[in-house]
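Here it is, the structure in full.
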Amino acid sequence: MTERPEADAQGEAARQANERLGFAGGSLAAAKPFKALAGASEDHDRALQCLTQAVYYEAAREPESGQRAVAQVVLNRVRHPAFAKTVCGVVYQRFNASTCQFSFVCDGALARDPLPSLWARARRVATEALAGRVEKDVGTATHYHADYVFPHWAPHLAKLAKIGAHIFYRWPGGWGLPGAFTGRYAGGEHIPAFDPSRLAAAAAEPVIDYPPVAALPERRAGGRPMTSAVAWTRPRAGNSPFPIRPRQAAR
């Protein structure tokens, strides 16, 4: 089940809580370059499309370092045992469920044509990431959220960096260190078709009950069970008092 939005601070209260939460100490271990898709192929083309979508819809108006950081989180997840083993699989994880890992794949954002100049920049960032460029400032981060929210899970993770409007985290302990990233890229990239009818059950004015952040899987730090804290839940009409926030790409 999705955690209720009341559990997470928002707005100015969230910004203050984020300021109080300290950064993890010690050196920041950089991720290894992602080179599983170095050559031209159909998988490469599809992975590039999915990663470009993630960079654009999550961080179109962020600084370039912030865009590279979002791309790094996606690729870090590909290599972590907790997530899907393709780029599109990570981006579209839970696409067919009532919840999504990344809000833009379920909230209707894909129905809007991207701005060409911003899309071109996002595509370049994604291309470089798939060619092995590493955003060292976020290390092995697998989670992030916008600075105007303070998710209930934030204190349980290791806070690594703030770039632009996003704050990046890894799991604490060995689960978040390079040695845990043992997943192998599986290939077989698949981009689900966007179907506007899937949003028909939502309210006429789209709503969210959790801010647009990269989400925790069904695992709390240390292995204790928890309910899934996901990025976005397709709402039932009238079930949430929170209006959807404008995406950065529309600002």
Side-chain angles (χ1 to χ4, degrees), residues 1-3 7-9 14 17-34 36 51 54 58-59 65-66 68-87 89-94 97 99-103 129 134-147 149-186 210-232:
M1 62 177 291
T2 302
E3 298 292 333
D8 306 308
N18 285 320
E19 288 290 333
R20 290 193 296 269
L21 182 62
F23 290 94
S27 59
L28 190 63
K32 294 180 179 179
F34 187 88
L51 191 57
E58 293 289 309
S65 58
R68 290 197 301 268
V70 168
Q72 190 66 57
V73 165
V74 173
L75 298 184
N76 286 349
R77 285 186 168 206
V78 172
R79 292 188 292 198
H80 197 281
F83 301 97
K85 291 291 149 287
T86 65
V87 175
V90 165
V91 173
Y92 283 89
Q93 196 157 1
R94 294 191 173 189
T99 55
C100 301
Q101 294 286 296
F102 292 91
S103 58
V134 173
E135 179 51 52
K136 296 180 180 180
D137 288 344
V138 295
T140 55
T142 46
H143 307 76
Y144 65 87
H145 64 80
D147 61 4
V149 296
F150 186 72
H152 65 282
W153 50 258
H156 299 285
L157 273 65
K159 182 179 177 181
L160 300 180
K162 183 178 187 298
I163 303 178
H166 289 136
I167 303 172
F168 295 83
Y169 301 78
R170 66 165 174 82
W171 275 301
W175 192 239
L177 296 179
F181 290 74
T182 58
R184 298 177 66 107
Y185 175 75
Y210 199 78
V213 300
L216 284 167
E218 294 82 354
R219 176 166 184 161
R220 185 186 294 276
R224 291 172 291 170
M226 68 175 294
T227 54
S228 169
V230 297
W232 188 86

Determine whether His143 and Pro151 make a side-chain contact, defined as any pair of heavy atoms from C-beta on separated by less than 4.5 Å.
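A side-chain contact under 4.5 Å is absent here.
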Under 3.5 Å, is there a donor-acceptor pair linking the side chains of Gln101 and Tyr92?
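Absent: no donor and acceptor within the cut-off.
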Report the relative orientation of the aromatic rings in Trp171 and His80; use parallel for angles under 30°, tilted for 30 to 60°, perpendicular for over 60°.
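Plane angle between 30° and 60°, so tilted.
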Identify the heavy atoms of Glu58 and Ser103 that sit nearest to each other, and give their distance.
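That closest heavy-atom pairing would be OE2-OG, 4.0 Å.
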Note, Thr142 side chain near Phe168 side chain (heavy atom, < 4.5 Å):
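Of all side-chain heavy-atom pairs linking Phe168 with Thr142, none is under 4.5 Å.
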Enter the distance from Arg77:CZ to Thr140:OG1 here, rounded to the nearest 0.5 Å.
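If we round to the nearest 0.5 Å, Arg77:CZ and Thr140:OG1 are 12.5 Å apart.
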Using the test side chain to side chain contact (heavy atoms under 4.5 Å, CB included), find all partners of Ala129 that sit at least two apart in sequence or belong to another chain.
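Counting only residues at least two positions away or on another chain, Ala129 forms a side chain to side chain contact (heavy atoms under 4.5 Å, CB included) with Leu51, Ala71, Leu75.
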Partners of Ala186 by side chain to side chain contact (heavy atoms under 4.5 Å, CB included), sequence neighbours excluded?
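Side chain to side chain contact (heavy atoms under 4.5 Å, CB included) list for Ala186, sorted by chain: Lys85, Thr86.
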What pairs meet the salt bridge (charged side-chain N to carboxylate O under 4.0 Å, His left out) rule with one or both residues in residues 149-168, with sequence neighbours excluded?
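Salt bridge (charged side-chain N to carboxylate O under 4.0 Å, His left out) check on residues 149-168 returns Asp147-Lys162.
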Sequence-distant partners of Arg170, side-chain hydrogen bond (donor to acceptor under 3.5 Å, both in side chains), two or more places apart
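Partners of Arg170 by the side-chain hydrogen bond (donor to acceptor under 3.5 Å, both in side chains) criterion come out as none, since no residue qualifies.
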What pair of heavy atoms forms the shortest contact from Ala54 to Val91, and how long is it?
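Looking at all heavy atoms of both residues, the closest pair is CB-CG2, 4.1 Å.
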Taking the side chain as every heavy atom from C-beta outward, state whether Val74 and Phe102 have any atom pair closer than 4.5 Å.
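Val74 vs Phe102: side chains touch.
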Give me the atom names and distance for the closest heavy-atom approach of Pro81 to Trp175.
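Looking at all heavy atoms of both residues, the closest pair is CB-CH2, 4.2 Å.
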State, yes or no, whether a side-chain contact exists between Val78 and Phe83 at a heavy-atom distance under 4.5 Å.
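Counting from C-beta outward, Val78 and Phe83 never come under 4.5 Å.
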Minimum-distance pair of heavy atoms, taken over all atoms of Leu28 and Gly139
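The answer is CD2-N, 4.0 Å.
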Output the distance between atom CZ (Arg68) and atom CD (Glu135), rounded to the nearest 0.5 Å.
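Those atoms lie 5.0 Å apart.
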Using the side chain to side chain contact (heavy atoms under 4.5 Å, CB included) criterion, which residues pair with Lys32? Sequence neighbours excluded.
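Applying side chain to side chain contact (heavy atoms under 4.5 Å, CB included) to Lys32 gives Arg79.
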Does any N or O in the side chain of Asn76 come within less than 3.5 Å of the main-chain N or O of Val138, such that one atom is a donor and the other an acceptor?
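No; judged by distance alone, with no hydrogens or angles, the pair does not exist.
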Closest approach of Phe150 and Asn18, non-hydrogen atoms and distance?
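Where Phe150 meets Asn18 most closely, the heavy atoms are CD1-OD1, 3.0 Å.
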Results of ring-ring contact (aromatic ring centres under 6.0 Å, His included) for Tyr169 - residues two or more places apart only
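For Tyr169 the ring-ring contact (aromatic ring centres under 6.0 Å, His included) partners, ignoring immediate neighbours, are His145, Trp153.
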Residue pair Ala82 / Gln93: nearest heavy atoms and the distance that separates them
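Looks like O-NE2, 4.4 Å.
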So how far is it from Ile167 CD1 to Leu157 CG, rounded to the nearest 0.5 Å?
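Ile167 CD1 to Leu157 CG: 12.5 Å, rounded to 0.5 Å.
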